[in-house]
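A short write-up of the structure that comes next.
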Protein chains: 2
Amino acid sequence: MRILVVEDEPRIAADIREGLERAGYVAEIVGDGEAAWFRAETETYDAMVLDLGLPRLDGLGVLRRLRGADVALPVLILTARDGWRERVEGIDAGADDYLVKPFRMEELVARLRAILRRTAGHASPVLRAGAVELDTRTRAVSVAGRETDLTALEYRLLAFLLHRQGQVVAAGELLDHLHGSDSDREANALEALLTRLRRKLGPGIIETRRGHGYLVPADSAGDP
Amino acid sequence: MRILVVEDEPRIAADIREGLERAGYVAEIVGDGEAAWFRAETETYDAMVLDLGLPRLDGLGVLRRLRGADVALPVLILTARDGWRERVEGIDAGADDYLVKPFRMEELVARLRAILRRTAGHASPVLRAGAVELDTRTRAVSVAGRETDLTALEYRLLAFLLHRQGQVVAAGELLDHLHGSDSDREANALEALLTRLRRKLGPGIIETRRGHGYLVPADSAGDP
DNA sequence: CGCCGCCTGACACGAGGCTGACAGGCGGCG
DNA sequence: CGCCGCCTGTCAGCCTCGTGTCAGGCGGCG
């Protein structure tokens with residue numbers, strides 16, 4: 001789960017990142033509305049945490065533009081305590097929920113989970129492929145009903161592939177998602193990771209398309 | 001006819017504008033990818049001329065975003081002479097045609113006319129020819145409804161020919177897209193590749209124009 | 001009829017991908 | 001503070017399969 005955090009105050013941004021990552025999300029921070037708009041349009045995120053009190057480009061402007069462009073991205077807005085006007089306008093502009101600063105991280109995570117659960121037609125928070133089930137809320141993964149422990153990286157990889165079920169994802173894109181960088185050396189790291197993950201999941205879940213990339217098949221793979 | 005030109009180099013941009021307007025089009029220039037995306041989303045254009053060598057935001061990102069958002073806008077990309085990799089990725093990402101810099105204005109106008117003629121650009125990410133379907137999003141190819149495995153090279157070749165449906169493409173140009181170089185020896189490699197691809201696709205999909213090149217016919221070839 | 005362009009089956013090589021082993025790093029726990 | 005565990009990147013070896021090459025065949029055009 002990738003969350004785009006739009007927050008100009010470095011300390012708060014760092015706190016949010018820490019809290020989100022502790023909760024199992026991947027957080028990316030941008031400091032102003034212009035960058036937020038750009039990132040939201042060019043990359044794929046599962047949700048956005050948007051501080052309305054941005055210095056340069058108004059957070060509300062970002063939100064309106066997003067909604068105007070029909071971007072179905074769950075947005076949680078952060079407002080000042082006395083910013084009731086902002087809150088109303090934010091909800092009007094298409095925010096999914098709001099949070100008043102200062103707030104407790106647990107509350108942020110809880111609200112994020114809530115809007116992730118009820119958004120975008122991804123009705124169910126659990127992803128399935130064959131005998132494999134992945135619950136995005138609890139981060140629990142089971143194979144044929146058996147709870148299975150995945151490492152952080154393995155989980156990210158699996159979740160990403162499940163999110164794109166049926167599509168072939170290039171190795172470069174996977175590496176890009178797992179870290180930021182991309183290199184030749186690291187190609188093998190992905191392969192090693194895949195080997196370990198496949199050993200835990202069993203055969204038929206993650207397939208290789210030589211020269212194309214990897215995918216988890218759309219149909220009920222693994223149990224025919 | 002409104003054409004959106006995305007080009008950061010002012011002199012080239014001015015040249016293109018002049019050439020397009022002389023040919024009877026209305027040209028609008030933007031200098032970076034972010035602006036291009038915004039304009040393409042908020043305004044209506046008949047085609048886009050997109051320089052892939054943009055400084056800040058990568059032109060390919062714009063293209064992918066457009067296709068991902070199901071924007072049915074014909075796109076002609078401009079690439080550097082040695083940017084064959086860019087070209088391949090551009091076509092893969094849903095460009096309708098490409099032009100190598102430097103180019104003559106007459107050629108730009110001619111290619112623009114061509115892609116405007118076969119209307120609708122590539123609104124849908126799936127390309128069709130007879131019984132063959134190619135989904136650029138999933139990289140899946142099917143023949144008469146049957147999923148068919150293509151190798152990386154076969155896929156590139158087919159995708160390229162489908163993007164240029166109805167046009168004869170010279171062997172040299174095909175080789176140029178599949179690899180960087182172009183040699184006599186390699187000519188046969190292309191023929192071998194074609195043989196293998198045709199065997200998978202069945203007859204009537206890829207035709208040979210002796211002495212000219214290859215094409216996949218524009219009309220519903222293969223199923224009459 | 002003979003040349004030339006194109007097709008195709010066979011084959012061999014090398015790149016791409018897999019995996020077991022190892023090492024550095026980081027955090028946890030005593 | 002130091003030991004020990006797990007996680008993850010790197011390396012080397014192996015295997016598979018994709019792809020180029022070769023040799024020969026088919027057919028059209030002069």
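In the text below, chain A, chain B and the rest are named by the order of the sequence lines, each starting its count at 1.
Among the nucleotides D:dG20, D:dA12, C:dC7, the one closest to any side-chain atom of B:E191 is C:dC7.
Following rounding to the nearest Å, B:L153 (CG) and C:dG14 (P) show an atom-to-atom distance of 18 Å. What separates CD of B:E154 from P of D:dG20 is a distance of 11 Å, to the nearest Å. In this structure, the CZ atom of A:R210 is 12 Å from the P atom of C:dA15, given to the nearest Å. The distance between atom CD1 of A:I206 and atom P of C:dG17, rounded to the nearest whole Å, is 15 Å. The separation between A:L190 atom CG and C:dT19 atom P is 13 Å, rounded to whole Å. What separates CD of A:E186 from P of C:dG16 is a distance of 17 Å, to the nearest Å. The distance from atom CG of B:L175 to atom C1' of D:dG20 is 12 Å, rounded to the nearest whole Å. Taking atom CZ of A:R156 as the reference point, atom C1' of D:dG9 lies 15 Å away to the nearest angstrom.
With no hydrogens or angles considered, no side-chain donor-acceptor pair links A:R156 and A:T151 at under 3.5 Å.
Residue A:R198 holds its CZ atom at 11.0 Å from CD1 of A:I205, rounded to the nearest 0.5 Å. The structure places CD1 of B:I77 at 10.0 Å from CG of B:D51, a figure rounded to the nearest 0.5 Å. Atom CG of B:L193 and atom OG1 of B:T195 lie 8.5 Å apart (nearest 0.5 Å).
Stems are defined here as 3 or more consecutive Watson-Crick or G-U wobble pairs with pairing distances under 3.5 Å; those involving DNA chain D are C:1-30 with D:1-30.
Taken residue by residue, residues 195-202 of chain B places heavy atoms nearer than 4.0 Å to DNA chain C at B:T195, B:R198, B:R199.
Close to C:dG5, at under 4.0 Å from its OP1 or OP2, lies no side-chain N or O of B:T208. Between C:dG16 and A:Y214, no contact under 4.0 Å exists linking OP1 or OP2 to a side-chain N or O. A close approach under 4.0 Å does not occur between any side-chain nitrogen or oxygen of A:T151 and OP1 or OP2 of D:dC6.
By the 4.0 Å N-to-carboxylate-O rule, B:E154 lies close enough to B:K200 to be salt-bridged with it.
Taking 4.5 Å as the limit, some side-chain heavy atom of B:F103 sits within range of a side-chain heavy atom of B:I16.
Note on ring orientation: taking the six-membered ring where Trp is involved, the planes of B:Y98 and B:F160 are tilted (angle from 30° to 60°).
Taking the centre and axis of the six-membered ring of A:Y214, the NZ or CZ atom of A:R209 falls outside the cone set by 45° and 6.0 Å.
Residues B:V6 and B:A36 share a closest heavy-atom pair of CG2-CB, 3.5 Å.
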